[in-house]
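First the structure, in the form of structure tokens, and then the observations on it.
As the structure is a prediction and not an experimental result, all values here were calculated from the model. Just so you know, these numbers use all the heavy atoms, side chains as well, and skip hydrogens, waters and symmetry mates. The residues of the chain are indexed from 1 along the displayed sequence.
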Amino acid sequence: MKNYITHDEWSIVEDGFHAAYNEITESLMSLGNGRMGQRGNFEETFTGKTLQGNYVAGVYFPDKTRVGWWKNGYPNYFAKVLNACNWVGIDVKIGDEVLDLNTCLVEDFRRVLNMKEGVLERIATVALPSGRRVRIHSKRFCSMADDQAGAIRYSVTPLDFTDYFTVTPYLDGNIRNRDSNYDETFWNEIHKETSFSEGYLILETKENPYGVEQFQVSTGMAFDIRINDLKTDYQSLPVRQEKYVAGTVNIEVNEGKELVVYKYGVNLSSTNYAPEAILAETKKYLGGIYEKGFEQLLADHIKTWAEKWEKNDITIEGDIAAQQGIRFNIFHLGQTYTGEDERLNIGPKGFTGEKYGGSTYWDTEAYCIPFYLATAEQKVARNLLVYRYKHLEKAIENAEKLGFTNGAALYPMVTMNGEECHNEWEITFEEIHRNGAIAFAILDYTRYTGDESYLSEYGLEVLIGISRFWKQRVNWSAEKGKYVMLGVTGPNEYENNVNNNWYTNYIANWTLRYTLEVIGKLWTTNSSRLNEIIIATNFDLNGEMADWKHIVENMYFPYDEARRVYLQQQGFLDKEILTVNDIADHRPINQKWSWDRILRSCFIKQADVLQGLYLFEEDFTVDDIKRNFEFYEPMTVHESSLSPCVHSILAAKLGLKDKAYEMYVRTARLDLDDYNNDTEDGLHITSMAGTWMSVVKGFAGQRVVDGFLHLNPYTPEQWESYSFRIGFQGALLHVEVSKDGVHIQNLSETDLTMFLFGERVFVAGNSSVQK
Ligand code: BGC
């Protein structure tokens with residue numbers, strides 16, 4: 001755990017340069033706007049520890065899978081979001097000294113990510129190797145209002161000398177993904193050009209044998225150089241090299257004067273523009289951005305952030321670390337996915353790093369959807385569901401590759417375009433529980449929004465595909481007289497190839513039950529559409545429904561009668577049952593133990609049985625949940641970022657307030673304090689939605705039951721009060737919770753009947769209630 005980030009309500013502050021942690025800080029201070037993003041790298045040369053990272057949403061490459069021993073059915077490629085053209089770079093040479101913080105003496109340094117405004121700022125005073133001193137001041141953002149653009153104001157001031165400065169703003173496409181499987185590069189140059197203070201570089205992803213589309217990204221830059229922010233005369237020398245364009249300016253700067261570079265960068269991709277038009281469009285777009293200028297762009301950007309914060313901010317009084325933590329999570333979710341484009345999804349690292357390839361995981365459905373349901377327009381969550389609907393055919397092909405038939409759909413564990421695409425095969429292919437989360441998200445969406453039209457329009461087809469898969473994936477055990485599911489990996493990835501993972505069996509069974517229910521519903525409400533679906537999916541109404549019912553009634557769920565707990569999998573109790581306190585010095589076990597030792601141990605990477613009890617809590621009594629929580633929580637090492645939030649929510653429900661708070665802090669500050677020693681790879685974006693859930697579903701007890709919003713809030717002892725906003729079926733609520741009670745203000749025109757502490761309350765539009 002690291003502790004070098006200063007606590008602050010609205011900002012992430014690094015005071016003093018922590019060179020050894022630079023890659024962590026770069027992750028923490030990443031910027032994005034849903035369309036493009038980048039790590040918090042320095043603009044000037046830096047030869048110290050750094051991961052230069054710029055990413056463009058939806059642009060990926062199918063890197064050949066890497067495994068030791070190829071087996072039938074392996075995914076051919078591991079798709080990864082590409083580290084793209086670096087547009088932020090500005091090299092600075094002073095006389096013949098390169099400005100590089102790695103070779104300078106850093107006298108003072110402050111790097112701040114202002115989350116309210118979405119701006120990254122850095123101010124430093126450094127002594128060059130010659131002893132001459134300069135001040136650096138940079139400010140940049142990826143515009144939320146103009147989402148294909150970013151802008152930088154970068155300045156250097158000589159403090160005790162006058163000399164010639166050589167400033168080189170550039171675009172560099174000589175980029176390598178750190179997670180490249182075979183150390184290959186993935187970009188070809190298509191076009192480059194430069195003129196006085198502009199540059200363009202078009203890169204295209206290399207050809208691939210898998211039939212995956214090749215993408216082009218056209219990056220443009222324009223710059224403007226000033227002294228003390230006043231116009232000045234200068235010459236710019238164009239530079240053109242392999243996948244690189246720049247303009248070099250040599251200019252004398254007097255002692256105490258500020259040399260200012262304004263740099264504008266734009267990224268247009270072939271996902272939105274035809275290759276023949278992309279250069280002209282880039283020039284036009286960049287022209288508009290340059291014309292607007294830094295201050296106007298910044299003002300528009302800040303305004304867009306202010307509108308976002310209006311809808312999704314959470315305030316916490318009395319605990320600044322918690323306040324910073326929650327805003328940090330909300331900020332990164334907000335800049336990773338805006339919901340504008342239904343082809344996009346939420347990669348576990350967003351625009352902050354490369355691990356996990358930037359692809360879509362079950363994280364979206366199991367964790368992110370509740371956040372977007374409550375804090376964004378309805379279409380955002382709907383788009384995330386439609387994304388999976390559009391991948392249904394691929395999910396059916398994916399299942400066929402594994403030997404399934406009759407329209408059975410197995411959604412990939414990791415995907416960009418609907419195909420399974422991951423390296424870690426043994427874990428990945430057996431984690432079929434993801435199929436259940438995708439089905440569950442349909443319920444989550446319809447019950448939250450009340451938009452049942454989704455079921456007939458798209459949802460049922462997906463449910464039928466998934467149910468067909470479960471039907472074929474279980475088998476009848478004559479010995480048990482039950483259906484069993486063999487050879488799976490549950491959410492807890494520290495167990496592989498287990499039989500009857502309770503969570504997987506449960507969610508499979510639930511999917512079958514739910515699909516039957518949805519069919520029943522459409523039977524009465526929209527039989528003509530149901531008929532269309534029956535024909536389109538070649539559905540054997542009586543036969544398939546009867547099979548599913550039989551499974552629903554006869555599924556095997558491992559259970560221990562003595563302890564009265566659900567068993568994570570069959571045979572779980574053969575393990576030596578220890579608690580995490582017994583292995584205090586061994587954590588994180590994924591870095592300290594062999595895989596063999598991990599698999600044999602009882603230690604649990606992330607919520608597994610508890611994940612099921614969290615999703616389906618209404619099926620269980622509070623006592624059931626408590627017994628299971630008390631059994632599994634002490635064995636859980638929470639080495640997946642997705643884990644503490646689920647434990648926090650359950651603990652809050654069970655009244656285990658200290659545990660709920662401990663788990664909250666862990667999820668909220670997971671990256672800020674680098675709990676799992678892996679923040680340098682990038683942030684845990686998807687689990688950030690879990691942090692939000694720990695407050696809203698955990699401490700505030702938000703649920704939807706029979707179409708009604710329920711809140712059951714308490715204030716953690718460590719806080720004085722907290723407040724949040726949620727949208728629900730047309731109403732926008734501002735909820736304030738303190739030790740004195742709860743105040744709910746309906747900020748919309750829409751009246752709402754809801755439940756507070758189990759009692760029905762009516763909150764008319766533009767009015768409030770107090771309890
Ligand atoms: C977790 C998975 C998750 C993935 C991406 C893994 O460490 O175990 O459940 O889907 O990370 O976030």
If you measure only the distance, is there a donor-acceptor pair under 3.5 Å linking the side chains of [X] and [Y]?
{"X": "Trp362", "Y": "Tyr367", "value": "no"}
{"X": "Gln569", "Y": "Glu495", "value": "yes"}
{"X": "Tyr411", "Y": "Glu420", "value": "no"}
{"X": "Ser643", "Y": "His638", "value": "yes"}
{"X": "Tyr503", "Y": "Gln568", "value": "no"}

Strictly under 6.0 Å, is that where the ring centroids of [X] and [Y] end up?
{"X": "Trp502", "Y": "Phe572", "value": "no"}
{"X": "Tyr494", "Y": "Phe603", "value": "no"}
{"X": "Phe620", "Y": "Tyr566", "value": "yes"}
{"X": "Tyr664", "Y": "Trp719", "value": "yes"}
{"X": "Tyr514", "Y": "Phe440", "value": "no"}

Close side-chain approach of [X] to [Y], heavy-atom, < 4.5 Å:
{"X": "Val580", "Y": "Arg587", "answer": "yes"}
{"X": "Ile432", "Y": "Met485", "answer": "yes"}
{"X": "Met688", "Y": "Leu683", "answer": "yes"}
{"X": "Asp363", "Y": "Ile346", "answer": "no"}
{"X": "Glu617", "Y": "Ile625", "answer": "yes"}
{"X": "Thr579", "Y": "Asp582", "answer": "yes"}
{"X": "Leu460", "Y": "Ile519", "answer": "yes"}
{"X": "Trp548", "Y": "Ser467", "answer": "yes"}

Margin query: Show every side-chain hydrogen bond (donor to acceptor under 3.5 Å, both in side chains) that has at least one partner inside residues 477-488, sequence neighbours left out.
Written below: Tyr483-His550
Margin query: Strictly by salt bridge (charged side-chain N to carboxylate O under 4.0 Å, His left out), give each pair with a member in residues 595-606 just once, sequence neighbours left out.
Written below: Glu493-Lys605, Asp596-Arg600
Next item on the list: Write out all pairs satisfying salt bridge (charged side-chain N to carboxylate O under 4.0 Å, His left out) with one or both partners inside residues 512-521, taking only residues at least two apart or from two chains.
Entry: Glu452-Lys521, Arg513-Asp619
Using residues 646-657 as the side-chain source, report each donor-acceptor pair under 3.5 Å to any protein atom, sequence neighbours left out, with the distance given to one decimal.
{"from": "His647", "atom 1": "ND1", "to": "Glu633", "atom 2": "OE1", "distance (Å)": "2.6"}
{"from": "Ser648", "atom 1": "OG", "to": "Ala660", "atom 2": "O", "distance (Å)": "2.9"}

Partners of [X] by side chain to side chain donor-acceptor pair (under 3.5 Å), sequence neighbours excluded?
{"X": "Tyr389", "result": "Glu461"}
{"X": "Glu662", "result": "Lys659"}
{"X": "Arg669", "result": "His7, Gln324, Asp673"}
{"X": "Thr415", "result": "none"}

Kindly say whether [Y] contributes a backbone atom to a donor-acceptor pair with the side chain of [X] at under 3.5 angstrom?
{"X": "Glu639", "Y": "Asn590", "value": "yes"}
{"X": "Arg434", "Y": "Thr428", "value": "yes"}
{"X": "Asn329", "Y": "Ala668", "value": "yes"}
{"X": "Thr65", "Y": "Asn76", "value": "yes"}

Margin query: For Glu759, give me all partners under salt bridge (Lys or Arg N to Asp or Glu O under 4.0 Å), at least two apart in sequence or on another chain.
Written below: Lys771
Notebook entry, point to check: Relative to each other, are the rings of Tyr454 and Tyr445 parallel, tilted or perpendicular (30° and 60° limits)?
Noted result: perpendicular
Can you give me the closest heavy-atom contact between [X] and [Y], atom names plus distance?
{"X": "Pro716", "Y": "Tyr714", "value": "CD-O, 3.7 Å"}
{"X": "Val498", "Y": "Asn501", "value": "CG2-CB, 4.0 Å"}
{"X": "Leu578", "Y": "Met635", "value": "O-CG, 3.3 Å"}
{"X": "Lys697", "Y": "Pro370", "value": "CE-CB, 4.0 Å"}
{"X": "Asp608", "Y": "Asn492", "value": "OD2-N, 2.9 Å"}

Note to self: With a 4.0 Å cut-off on N to O distance, would you call Asp623 and Lys626 a salt bridge?
What the structure shows: no
Next item on the list: Run the salt-bridge test on Arg178 and Glu354 with the 4.0 Å N-O cut-off and return the result as yes or no.
Entry: no
Checklist line | Under the side chain to side chain contact (heavy atoms under 4.5 Å, CB included) test, residues paired with Asn181 that sit two or more places apart | finding: Asp63, Arg66, Phe78, Lys80, Asn423
Margin query: For Asp585, give me all partners under side chain to side chain contact (heavy atoms under 4.5 Å, CB included), at least two apart in sequence or on another chain.
Written below: none
Show every donor-acceptor pair shorter than 3.5 Å between a side-chain atom in residues 396-410 and any protein atom, with sequence neighbours excluded, or say none if there are none.
{"from": "Asn398", "atom 1": "ND2", "to": "Leu410", "atom 2": "O", "distance (Å)": "2.7"}

Notebook entry, point to check: Within a reach of under 6.0 Å around CD of Glu618, are more than 12 heavy atoms found that belong to other residues, nucleotides or ligands?
Noted result: yes
